[in-house]
Amino acid sequence: MTETPFPHVFRPVTLRGHELKNRIVFGAHTANMSEGGLPLDRHFGYYRERARGGAAMIVVEPSPPHPTAILTRGNFLAEDVVIPHFRKVTDACHEHGTVMCHQIYHTGAHGDQDNSWTAYWSPSGQVSHHDPWGSHVMTDQEIEELVDAFIRQAERDQAGGFDGVDLFAGYSCLIDQFWSPLTNRRDDRWGGSLENRLRFVTRIVEGIRRTCGEDFIVGMTVSGGEPYPGGLTMADKLEVFAWLDERGLCDYLSCGAGSYLNQFSKIVPSFHFDTPLGPDEAGEIKSVVRHALVTAEARVKTPQRAEEALSAGKCDLVSIVRGQIADPHLANKAASGRADDIRPCISCNQLCLGRRLRDYWISCLVNPSVGRETLWDGDGAPQTISPRHILVVGGGPAGLETARVAAMRSHRVTLVEKDAELGGQFRLAAGQPERGEVGEFLTWCSHQLEKLQVRIILNTKMSADDVRAFGADDVILATGSVPTRTGFQRAFPHVERLEGAEQDNVMTAHDILEGRAVPGTNVLLLDDINGWWPASGTALHLALARHMVTVVTAAEKPAEQLDFSRTGDTTRERFWKLGVEVICGHALSAWRGNTATLMNLYTADTEERDFDSLVLATTNTVEDSLRRELADDDLRIHNLGDAVAARTASMAIFEARTLAMTL
């Protein structure tokens with residue numbers, strides 16, 4: 001193997017008799033890909049590709065062991081029918097030397113009645129932090145029922161070929177609801193003293209050891225101190241972990257961040273959080289355990305950060321989840337000296353957590369093969385037997401991905417971009433506050449095109465005659481979209497143009513981010529996209545530049561669209577701290593001079609307020625003039641991305657990959 005700059009990452013380690021070939025774990029997360037409660041083709045391809053890519057251990061997404069634990073549409077059945085399907089997954093991953101574990105979870109009070117159709121079971125009947133409802137105080141018999149359910153699930157997992165299980169004991173879910181005095185008010189054998197509060201998990205682990213044998217791994221996913229008085233402090237948690245470790249009840253502890261107790265966004269932290277989050281608390285855990293391995297997770301993300309955490313002695317393993325979603329071959333690339341080729345996760349959460357929270361199967365904005373690995377045979381690109389000359393017009397996300405994949409398949413590719421830099425509107429997104437990771441992805445794209453010898457022509461706007469004269473076998477029109485300057489709002493579908501939209505003191509979010517316009521001190525931002533990033537990110541950009549910012553939106557709350565990726569709450573936090581005012585449930589009925597007429601969409605009442613400038617953040621308009629000019633030509637033309645309809649970068653990249661795989 002090529003000498004690696006990550007010696008600690010690629011040092012093998014033994015976990016309860018199983019050798020891990022490196023320290024990289026693909027940790028548990030809900031991919032939500034099951035069909036009828038079974039792990040079928042989509043799951044098979046998803047996990048096999050991460051094993052192919054070099055992950056030393058995979059912890060497959062959680063199974064609820066009992067009807068009261070069901071949380072998502074895609075949860076696996078707690079029945080023996082799953083065993084042969086899991087065996088297919090584990091056999092395929094074992095072929096690549098990957099140790100396979102399976103998480104078992106129960107979120108206790110924080111359930112989902114729409115999926116489970118049951119009451120939530122908890123130690124003391126506390127309220128759910130997942131929804132507005134309450135939970136059921138378990139009887140002694142019901143607790144015993146759950147203990148047995150966990151053991152039976154581990155037995156199924158062993159039959160399905162897993163080397164061990166991971167007990168979900170963090171984030172204020174059922175197991176650590178028993179641990180915490182904040183959520184365990186019982187006065188029987190399951191509450192009170194530390195030993196009583198740990199009785200539930202102790203009984204589970206002892207039962208698994210008896211049933212599955214001494215070489216079966218039992219790990220735990222845990223989290224740090226609870227952020228409220230009366231909860232477990234980090235010191236209290238360390239006492240718990242030391243107690244468990246001393247009794248041999250855990251083979252590894254995987255330390256994450258966040259909690260269902262009002263810190264949910266920190267569990268899968270976006271770019272709004274520091275990097276990395278997990279290693280410091282993992283280091284505290286490592287200082288008190290003598291037998292269990294300790295895994296650091298939460299924004300570790302890259303081999304470089306993994307090496308830093310491991311070399312500092314903060315952990316024994318690193319869980320890189322979104323990093324290996326974005327690039328399933330992260331481990332192998334790092335091991336072979338190709339870390340620069342690792343496709344970077346941009347921590348946007350849009351298609352991983354964002355799709356999971358809408359109860360879809362997950363995917364990835366920068367890697368559309370996620371969830372399609374079986375269909376596409378992984379994250380590669382099959383070589384063509386008939387190389388062609390491909391002209392790509394437009395260097396935004398759609399054009400970049402088309403050029404990259406077409407070149408990987410041995411086509412000869414030329415990419416022409418009208419601007420001086422590649423990236424299109426995604427480059428503008430990279431300039432918004434805290435979104436620099438988008439820029440890292442664009443840099444990766446550029447480097448890949450260079451390695452693949454794609455010819456890139458910048459500062460050139462192609463005309464229809466230029467395209468005709470180029471002589472390409474296929475023409476890809478990825479010309480994107482442009483800002484709409486009419487001020488059209490969905491609240492007024494009968495009004496094509498906002499009164500006053502043509503004034504000199506009106507500009508678009510794109511004008512601001514490109515530096516083409518500088519607004520006055522007091523800015524009104526018209527948000528007709530429910531707080532999506534061109535609106536909310538631009539508002540933050542202006543506020544940080546010391547403008548007074550007021551956002552008017554028809555949405556029910558600020559940054560509403562961002563809630564799908566769990567960046568809405570952290571954006572609203574920034575609005576509060578920066579003094580951004582958001583007027584919800586309103587539209588802008590007129591802009592006269594410096595005066596805005598704001599209409600309450602519930603009452604139709606209006607009020608007038610003065611501002612220096614108006615910034616429009618509305619849905620873009622397709623730029624398809626080249627397609628229309630070439631419509632009657634006898635050319636192989638493909639139109640994709642925003643040039644088809646103004647949407648998101650994820651759709652542009654998905655359409656590009658799909659097209660390039662067929663050229």
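For Asn22 (side chain) and Gly54 (main-chain N/O), a donor-acceptor pair under 3.5 Å exists by modelled atom type. Between the Asp316 side chain and the Val294 main chain, a donor and an acceptor come within less than 3.5 Å of each other. Between the side chain of Arg42 and the backbone N or O of Pro39, no donor-acceptor pair lies under 3.5 Å. Formation of a donor-acceptor pair under 3.5 Å by the Trp444 side chain with backbone atoms of Asp341 is found in this model. With hydrogens and angles disregarded, no donor-acceptor distance shorter than 3.5 Å links the side chain of Glu155 to the backbone of Cys212. For Glu281 (side chain) and Ala257 (main-chain N/O), no donor-acceptor pair under 3.5 Å exists by modelled atom type. In this structure, the side chain of Thr295 does not engage the main chain of Leu317 through any donor-acceptor pair within 3.5 Å. In this structure, Arg197 contributes its side chain and Trp179 its backbone to a donor-acceptor pair below 3.5 Å. Between the Ser223 side chain and the Tyr171 main chain, a donor and an acceptor come within less than 3.5 Å of each other.
In this structure, a donor-acceptor pair under 3.5 Å is absent between the side chains of Asn332 and Arg52. Side chains of Asp327 and Asn367: no donor on one and acceptor on the other come within 3.5 Å. With 3.5 Å as the limit, one finds no donor-acceptor pair spanning the side chains of Glu246 and His291. Side chains of Ser347 and Arg299: a donor-acceptor N/O pair is present below 3.5 angstrom, by distance only. Between the side chains of Gln350 and Ser650, no donor-acceptor pair of N or O atoms lies under 3.5 Å. When only modelled atom types and interatomic distance are considered, Ser122 and Gln177 share no side-chain donor-acceptor pair under 3.5 Å. Residues Asn349 and Ser270 bring no donor and acceptor atom of their side chains to less than 3.5 Å of each other. Under 3.5 Å, the side chains of Glu573 and His272 contain no donor-acceptor pair of N or O atoms. Judged purely by distance below 3.5 Å, without hydrogens or angles, the side chains of Thr98 and His96 never pair a donor atom with an acceptor atom.
Using a 4.5 Å cut-off on side-chain heavy atoms (C-beta onward), Phe26 and Ile325 make contact. Here the side chains of Leu310 and Val318 are in contact, with some heavy-atom distance below 4.5 Å. By the 4.5 Å heavy-atom criterion applied to side chains, Met33 and Ile362 are counted as neighbours. Under the 4.5 Å side-chain criterion, counting only non-hydrogen atoms from C-beta, Trp533 is in contact with Leu562.
Contact record, Ala55 with Gln324: CB-OE1, 3.5 Å, taken as the closest heavy-atom pair. The two atoms that bring His102 and Ser63 nearest to each other are CE1-OG, 2.9 Å, heavy atoms only. When all heavy atoms of Leu365 and Ile653 are compared, the closest pair comes out as O-CD1, 3.5 Å. The two residues Gly531 and Gln561 make their nearest non-hydrogen contact at C-CB, 4.5 Å. Considering every non-hydrogen atom in both Ser124 and Arg185, the closest pair reads OG-N, 2.7 Å.
A perpendicular orientation is assigned to the rings of Tyr260 and Phe264, their planes being inclined by more than 60° (bins at 30° and 60°).
Taken from SG in Cys345 to CD in Glu440, the straight-line distance is 9.5 Å, to the nearest 0.5 Å.
Checked against the 6.0 Å centroid criterion, the rings of Trp121 and Phe200 do not qualify as a close aromatic pair.
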> Is there a side-chain contact (heavy atoms from CB on, under 4.5 Å) between Arg152 and Thr211 once you walk through the steps?
Replying inline: CA-CA 9 Å; Arg152 297 286 78 77; Thr211 301; 3.7 Å; yes
> Going through the checks in order, is the side-chain hydrogen bond (donor to acceptor under 3.5 Å, both in side chains) test met by His329 and Glu49?
Replying inline: CA-CA 8 Å; His329 296 270; Glu49 192 67 7; 2.7 Å; yes
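Just one residue in the list Phe86, Trp361, Phe76 forms a ring-ring contact (aromatic ring centres under 6.0 Å, His included) with His43, and that residue is Phe76.
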